[in-house]
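Here is the structure we will look at.
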Amino acid sequence: MGKMAAAVVSLTSLATEPKEDAFRKLFRFYRQSRRSTADLGAVIDFSEAHVAQSPKPGVPKVVRFPLNVSSVTEHDTSRAGLQPVSKWQAYGLEGYPGFIFIPNPFLPGCQWHWIKQCLKLYSQKPNVCNLDKHMTKEETQGLWEQSKEFLRSKDKTKRRPRSLLERLRWVTLGYHYNWDSKKYSADHYTPFPSDLAFLSEQVATACGFQGFRAEAGILNYYRLDSTLGIHVDRSELDHSKPLLSFSFGQSAIFLLGGLKRDEAPTAMFMHSGDIMVMSGFSRLLNHAVPRVLPHPDGECLPHCLETPLPAVLPSGSLLEPCSVEDWQVCATYLKTARVNMTVRQVLATGQDFPLEPMEEPKRDITADGLCHLHDQKSPVKRKRLNTND
């Protein structure tokens, strides 16, 4: 039996062992996994899905997903830095209706814009972030400015305090998500970025979700030791609309499970530029990120990020030029990090937030929650990772 086949068999037996739910067992397994070993033999790589391969035992079959090619014009996709929809490759998984995976559909160099937005613009006030719990707005106001010199002149031979950008773990856009109550509200609302709304709406429309409105976003900033705990995104009030996920930077392992945690999850790679859509049956499935994978060649950028943003952008483009200095900061950060944007429609058309009881005490808008990022080096966060939702 080959090493990869043996790895798949061992994972199947691991998931069926008693005492702990199947999802958590595999979460722990992949959290400790190593790249370029049989540990990752059962992980689906959608970037290679177009190559005919024999199905692996115990791994769901990858199938083509038909996109609505005529629903989005080539002009609109290029405005957002995307290839024409006709050139996208889109896939689903047998047993996971409503799950759609689109390997990097961005035009060469255009990821640079979205990465810069996540690090330089979306992280700024008035958007709420994890740093607000321990710092004043004045202290976090110039997050990018305070961090860029640290990152541009990073000296690996000297130990130094982490910059604010390196301490950033999450940012909320649009309707704010309260990590403590696990509810959205119009309180602390910030205008949703128009460029990200346009990008999200083009992707949703191409996947068959006309009329999707980008109303809330959660940006997660992963270091190499970060994990995202097992959770379900059920706080949105309209579950008929999809959840969109955009990945940039280092690759990660994503686990997609079932409605219950005793169902063994399917593992897949998420590479820079990949887009994932969870809708229908798959919209309320358990999922997690147990591992961010360091580049096999050391502190390097993924190959797709080596191409710069075009000097001349298309007419009407929403993308903005990225200076050499700004990209130097972004590149240094991403050599050991990953950024993920998830975009959601919170309310159905004509719907409003329900009124909360007046006597309900106010919750801390920046309190930690289970579906936050966790760093392995923190014993408090590591303990919290093993609690139930």
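Note: hydrogens, waters and symmetry copies are ignored here, and every other heavy atom, side chains too, is used.
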Can you name the closest pair of heavy atoms from [X] and [Y] and give their distance?
X      : Y      : result
Ala348 : Arg213 : O-NH2, 3.8 Å
Pro310 : Leu313 : O-CD2, 3.7 Å
Phe248 : Gly273 : CD2-N, 4.2 Å
Val43  : Tyr30  : CG2-CE2, 3.6 Å
Gly81  : Cys110 : O-CB, 3.4 Å

Check: [X] side chain, [Y] main-chain N or O, donor-acceptor pair, under 3.5 Å:
X      : Y      : value
Glu74  : Pro84  : no
His176 : Asp187 : no
His113 : Gln111 : no
Thr332 : Gln328 : yes
Asn286 : Val232 : no
Arg169 : Glu166 : yes
Glu48  : Asp45  : no
Ser282 : Pro97  : yes
Arg261 : Ile230 : yes
Asp274 : Ser247 : no

Set of residues satisfying ring-ring contact (aromatic ring centres under 6.0 Å, His included) with respect to [X], sequence neighbours excluded:
X      : value
Phe101 : Phe46
Phe353 : Tyr175
Phe254 : His287
Trp327 : Trp112

Extract all donor-acceptor atom pairs below 3.5 Å that involve side chains of residues 199-210 and protein atoms in other chains or at least two apart in sequence.
from   : atom 1 : to     : atom 2 : distance (Å)
Ser200 : OG     : Leu196 : O      : 2.8
Gln202 : NE2    : Phe198 : O      : 3.3
Thr205 : OG1    : Glu201 : O      : 2.7

Just list the side-chain donor-acceptor pairs under 3.5 Å for residues 58-69, sequence neighbours left out, or say none.
from  : atom 1 : to    : atom 2 : distance (Å)
Arg64 : NH1    : Gln89 : OE1    : 2.2
Arg64 : NH2    : Gln89 : OE1    : 3.3

Does a side chain donor of either [X] or [Y] reach within less than 3.5 Å of an acceptor in the other side chain?
X      : Y      : result
Arg79  : Thr77  : no
Gln351 : Asp238 : no
Asn178 : His188 : no

Review point. Under 6.0 Å from the six-membered ring centre of Tyr333 and within 45° of its axis: does the NZ or CZ of Arg223 meet both?
Key: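 Checked: cation-pi criterion met.
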Which distance, rounded to the nearest 0.5 Å, do you find between the [atom1] of [X] and the [atom2] of [Y]?
X      : Y      : atom1 : atom2 : value
Met270 : Ile44  : CE    : CD1   : 13.0 Å
Ser33  : Leu293 : OG    : CG    : 6.0 Å
Asp233 : Leu284 : CG    : CG    : 8.5 Å
Lys148 : Leu119 : NZ    : CG    : 13.5 Å
Glu263 : Leu26  : CD    : CG    : 12.5 Å
Ile102 : Leu82  : CD1   : CG    : 9.0 Å

Do [X] and [Y] make a side-chain contact, defined as non-hydrogen atoms from C-beta onward lying under 4.5 Å apart?
X      : Y      : result
Pro242 : Arg283 : no
Leu168 : Ser123 : yes
Lys182 : Tyr177 : yes
Gln345 : Glu236 : no
Leu173 : Val343 : no
Asn104 : Ser272 : no
Leu165 : Leu151 : yes
Leu244 : Arg344 : no

Review point. Applying the 4.5 Å side-chain criterion to the ILVMFWY set and letting contacts propagate, would Leu40 and Phe27 be lumped into a single cluster?
Key: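 Same cluster: Leu40 reaches Phe27 through Ile, Leu, Val, Met, Phe, Trp or Tyr contacts under 4.5 Å.
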Review point. Taking a hydrophobic cluster as the set of Ile, Leu, Val, Met, Phe, Trp and Tyr residues connected by side-chain heavy atoms closer than 4.5 Å, whether directly or through intermediates, do Trp88 and Leu107 fall within one such cluster?
Key: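 Hydrophobic grouping puts Trp88 apart from Leu107.
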Of all residues at least two apart in sequence or in a different chain, which pass the side-chain hydrogen bond (donor to acceptor under 3.5 Å, both in side chains) check with [X]?
X      : value
Gln83  : none
Thr266 : Tyr96
Ser245 : Asn340
Asn127 : Thr190

Review point. To which residues is Val312 joined in a hydrophobic cluster, defined by side-chain heavy-atom contacts under 4.5 Å among Ile, Leu, Val, Met, Phe, Trp and Tyr, whether direct or through other members?
Key: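 Members besides Val312: none; it forms no cluster.
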Practice item. Would you indicate whether Glu306, at its atom CD, is surrounded by more than 12 heavy atoms from other residues, nucleotides or ligands within a distance under 6.0 Å? Key: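 Buried by this count: over 12 neighbours within 6.0 Å.
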Give every donor-acceptor pair under 3.5 Å between a side-chain atom in residues 314-323 and any protein atom, sequence neighbours left out.
from   : atom 1 : to     : atom 2 : distance (Å)
Ser317 : OG     : Leu319 : N      : 3.0
Ser323 : OG     : Asp326 : N      : 3.0

Practice item. May I have the step-by-step check of side chain to side chain contact (heavy atoms under 4.5 Å, CB included) for Leu285 and Leu259, ending in yes or no? Key: CA-CA 5 Å; Leu285 297 183; Leu259 296 172; 3.6 Å; yes
Point to revise | Intermediate values then yes/no, ring-ring contact (aromatic ring centres under 6.0 Å, His included), Tyr184 and Tyr189 | key: CA-CA 10 Å; Tyr184 286 97; Tyr189 174 83; over 10 Å; no
Check your understanding: Only one of Tyr221, Tyr222, Trp179 clears ring pair (Phe, Tyr, Trp, His ring centres under 6.0 Å) with Trp170; which?
Key ->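 For Trp170, the ring pair (Phe, Tyr, Trp, His ring centres under 6.0 Å) check succeeds only for Trp179.
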**Study point:** Verdict with reasoning, Leu334 to Leu301, per side chain to side chain contact (heavy atoms under 4.5 Å, CB included)
**Key:** CA-CA 7 Å; Leu334 281 183; Leu301 288 177; 3.8 Å; yes
Practice item. Give a yes or no on whether a salt bridge exists between Lys125 and Asp132, defined as a side-chain N under 4.0 angstrom from a carboxylate O. Key: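 Yes, Lys125 and Asp132 are salt-bridged.
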